[in-house]
Asker: 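The following block contains the structure, expressed as structure tokens.
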Amino acid sequence: MDTQTSSPPPPLKIPFPPRGMLVPVDFSGPSMAGLEAARLLARKWNCQVDLLCVDQNPPLAMMAADARIGGEPALEKFHEALLARLEESGRNLPRSGARVVEGDPAHEIGRGVMFSGADLIVMGTHGRKGLKRWILGSVTEAVVHSASVPVLTVRNRPASGWPLRILAPVREADYSDRAVLYAVEWARNLGCTLSFMHVVESKESVQAVRLMERMTRLLAESRFKPADWIWREGRPDEEILKAADRGSFDLIAISAHVRPLWREMIIGSTAERVLRFSSAPVLAVPSWQAPAASS
């Protein structure tokens, strides 16, 4: 059950613009779309970009050859080629580093954030659904579930002027406040319009006045006002996706509120369903933040 309060907590400190971005790259179409989104943002923010390629399943032929000769030259050469390709992909980025590692992608991406000090992950998503998703798993959802920094997921290559219009679903819950504040900072910094959206499952739960007052208090320090409010009744994920399509929003900023793992596996969350089905990029903002590293 969501914990509701009559007023939001004290203003949260949002690190913005990002000092660094981590961009996982596997050279697939969605991955390169994510890299392009990172490129557009990095040019505006001039921040450090670290590229990461995770070799989850080294070619069996190389591993067999390495075992026969008692070393790892074939696999090392393969990783050297991957690194060269990765560095070439980041050639036009303002500033970048590149690494190739072996292991579980979601775990290595988490380690990559700690290694690079990035405060934003930008990654492509294949949007696998149904049986294929359950068999192969979803690296994107695993990263969003465990990340302590926002995760921008991208499925299609963004246009040169992206982003222009941001949609931010809001609700009367403390965990959603960080997503709202991030959406405001993105909109203000990038010159985008920002629309708030609230979805209820029945008319009896509509508390429009209280929610609008809550947002006013939350944004008092920034003096920011959304372009408009969108009110809908129904399933939150379905209404968010429909509103994004109808309104031509090119970015959805949503709270990645983490529930117990067993519940996620059974019913999923609004954020995960939006991540899975949205054709527009999604900025998933965690409801918690890791403690800052000591200097």
Asker: Using atom types as modelled and distance alone, determine if a side-chain donor or acceptor of D119 lies under 3.5 Å from a backbone N or O of R19.
Answerer: yes

Asker: Ignoring hydrogens and angles, tell me if any N or O in the side chain of D250 forms a donor-acceptor pair with the backbone of L164 under 3.5 Å.
Answerer: yes

Asker: Please round to the nearest 0.5 Å and tell me the distance separating atom CG of L275 and atom OG1 of T270.
Answerer: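 The OG1 atom of T270 is 11.0 Å from CG of L275, to the nearest 0.5 Å.
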
Asker: Mind listing the closest non-hydrogen atom pair of A243 and L167 along with its distance?
Answerer: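 It is CB-CD2, 4.3 Å.
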
Asker: Show the nearest heavy-atom pair for residues A37 and V122, with the distance to one decimal.
Answerer: CB-CG1, 4.4 Å

Asker: How long is the gap from CZ on R43 to OG on S160, to the nearest 0.5 Å?
Answerer: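 Separation between the atoms: 10.0 Å.
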
Asker: Using atom types as modelled and distance alone, determine if a side-chain donor or acceptor of S31 lies under 3.5 Å from a backbone N or O of D26.
Answerer: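 At least one qualifying donor-acceptor pair exists.
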
Asker: Do the side chains of V23 and M123 get nearer than 4.5 Å, heavy atoms only?
Answerer: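 No - every pair of side-chain heavy atoms lies 4.5 Å or more apart.
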
Asker: Run I109 and L22 through side-chain contact (heavy atoms from CB on, under 4.5 Å) and show every step you take.
Answerer: CA-CA 8 Å; I109 291 169; L22 178 69; 4.0 Å; yes

Asker: Looking at R210 and E213, does any basic side-chain N land under 4.0 Å from a carboxylate oxygen?
Answerer: no

Asker: Do M114 and V101 sit in the same hydrophobic cluster, where Ile, Leu, Val, Met, Phe, Trp and Tyr count as joined when their side-chain heavy atoms come under 4.5 Å apart?
Answerer: no

Asker: Set out, in order, the CA-CA distance, both residues' side-chain angles and the distance that settles side-chain contact (heavy atoms from CB on, under 4.5 Å) for I230 and V199, then state yes or no.
Answerer: CA-CA 8 Å; I230 301 172; V199 183; over 6 Å; no

Asker: With a 4.5 Å heavy-atom cut-off, do F277 and D237 have their side chains touching?
Answerer: no

Asker: State, to 0.1 Å, how close A147 and P286 come at their nearest heavy-atom pair, and which atoms those are.
Answerer: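 Result for this residue pair: O-CB, 3.5 Å.
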
Asker: More than 12 heavy atoms of other residues, nucleotides or ligands under 6.0 Å from NZ of K44: yes or no?
Answerer: yes

Asker: With a 4.5 Å cut-off on side-chain heavy atoms, are W231 and V200 touching?
Answerer: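 In short, these two side chains do not touch, never coming nearer than 4.5 Å.
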
Asker: Could you check whether E88 pairs with R85 (Lys NZ or Arg NE/NH1/NH2 to Asp/Glu carboxylate O, under 4.0 Å)?
Answerer: no

Asker: Which heavy atom in A106 sits nearest to a heavy atom in V139, and how many Å separate them?
Answerer: N-CG1, 4.1 Å

Asker: Are W186 and L251 close enough that some pair of their side-chain heavy atoms sits under 4.5 Å apart?
Answerer: yes

Asker: Are E238 and R273 close enough for a salt bridge, meaning some N to O gap below 4.0 Å?
Answerer: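 Not counted as a salt bridge, because no side-chain N and carboxylate O are separated by less than 4.0 Å.
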
Asker: Take a 6.0 Å sphere around CZ of R157 and say whether it holds more than 12 heavy atoms from other residues, nucleotides or ligands.
Answerer: no

Asker: Between R155 (side chain) and G124 (backbone), is there a donor-acceptor pair under 3.5 Å?
Answerer: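 Absent.
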
Asker: Rounded to the nearest 0.5 Å, what's the gap from CG on L86 to NE2 on H79? Could you check?
Answerer: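 Reported to 0.5 Å precision, the distance equals 12.0 Å.
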
Asker: Rounded at 0.5 Å granularity, tell me how far CD in E36 sits from CG in L41.
Answerer: 10.0 Å

Asker: By the definition side-chain contact (heavy atoms from CB on, under 4.5 Å), identify the one residue from C47, P150, P17 that meets it with L120.
Answerer: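 When C47, P150, P17 are each tested with L120, the side-chain contact (heavy atoms from CB on, under 4.5 Å) holds only for P150.
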
Asker: To the nearest 0.5 Å, what is the distance between CG on L283 and CD1 on I166?
Answerer: 8.0 Å

Asker: Donor-acceptor check, side chain of S146 to backbone of A142, threshold 3.5 angstrom: yes or no?
Answerer: yes

Asker: Would you say the side chain of L181 lies within less than 4.5 Å of the side chain of L218, judging by non-hydrogen atoms?
Answerer: yes

Asker: Hey, are R214 and D174 close enough for a salt bridge, meaning a charged N less than 4.0 Å from a carboxylate O?
Answerer: yes

Asker: As an exercise, state the distance from CG of L241 to CZ of R276, rounded to the nearest 0.5 Å.
Answerer: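 That separation rounds to 11.0 Å.
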
Asker: Contact between V54 and E102 at the side-chain level, heavy atoms closer than 4.5 Å - yes or no?
Answerer: no

Asker: For atom CZ of F224, decide whether the heavy atoms of other residues, nucleotides or ligands shown that lie under 6.0 angstrom number more than 12.
Answerer: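 Enclosed: over 12 neighbouring heavy atoms sit under 6.0 Å from CZ of F224.
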
Asker: Spell out, yes or no, whether L190 and M21 are grouped together once hydrophobic residues are joined by side-chain heavy atoms under 4.5 Å, including indirect joins.
Answerer: yes

Asker: For the pair K77 and E80, find out whether any cationic side-chain nitrogen is under 4.0 Å from an anionic carboxylate oxygen.
Answerer: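 So K77 does not pair with E80 through a salt bridge.
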
Asker: Centres of the F16 and W45 rings: under 6.0 Å?
Answerer: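 Yes, ring centres under 6.0 Å apart.
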
Asker: Work out which heavy atom in A256 is nearest to a heavy atom in A271; give both atom names and the distance.
Answerer: CA-CB, 4.2 Å

Asker: Where is the tightest heavy-atom contact between C192 and P163, given as atom of each residue plus distance?
Answerer: SG-O, 3.1 Å

Asker: Main chain of A173, side chain of S176: is a donor-acceptor contact present, judged purely on distance under 3.5 Å?
Answerer: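 Yes, S176 side chain to A173 backbone: donor-acceptor pair under 3.5 Å.
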
Asker: What do the steps show when you test M197 against W229 for side-chain contact (heavy atoms from CB on, under 4.5 Å), and what is the final call?
Answerer: CA-CA 6 Å; M197 179 178 184; W229 279 81; over 6 Å; no

Asker: Side-chain contact test, heavy atoms from C-beta onward, threshold under 4.5 Å: evaluate it for S195 versus F249 and give yes or no.
Answerer: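 Counting from C-beta outward, S195 and F249 do come under 4.5 Å.
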
Asker: Ignoring hydrogens and geometry, is there a side-chain-to-backbone donor-acceptor pair from H198 to V170 under 3.5 Å?
Answerer: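 Answer holds: yes.
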
Asker: Are I121 and F115 grouped together when hydrophobic residues (ILVMFWY) are joined by side-chain heavy atoms under 4.5 angstrom apart?
Answerer: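 Cluster IDs for I121 and F115 differ.
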
Asker: With a 4.5 Å limit on heavy-atom distance, are the side chains of P169 and I240 in contact?
Answerer: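 Sidechains of I240 and P169: in contact.
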
Asker: Applying side-chain contact (heavy atoms from CB on, under 4.5 Å) to H145 and E272, what does each step give before you reach the verdict?
Answerer: CA-CA 9 Å; H145 193 278; E272 286 183 342; 4.1 Å; yes

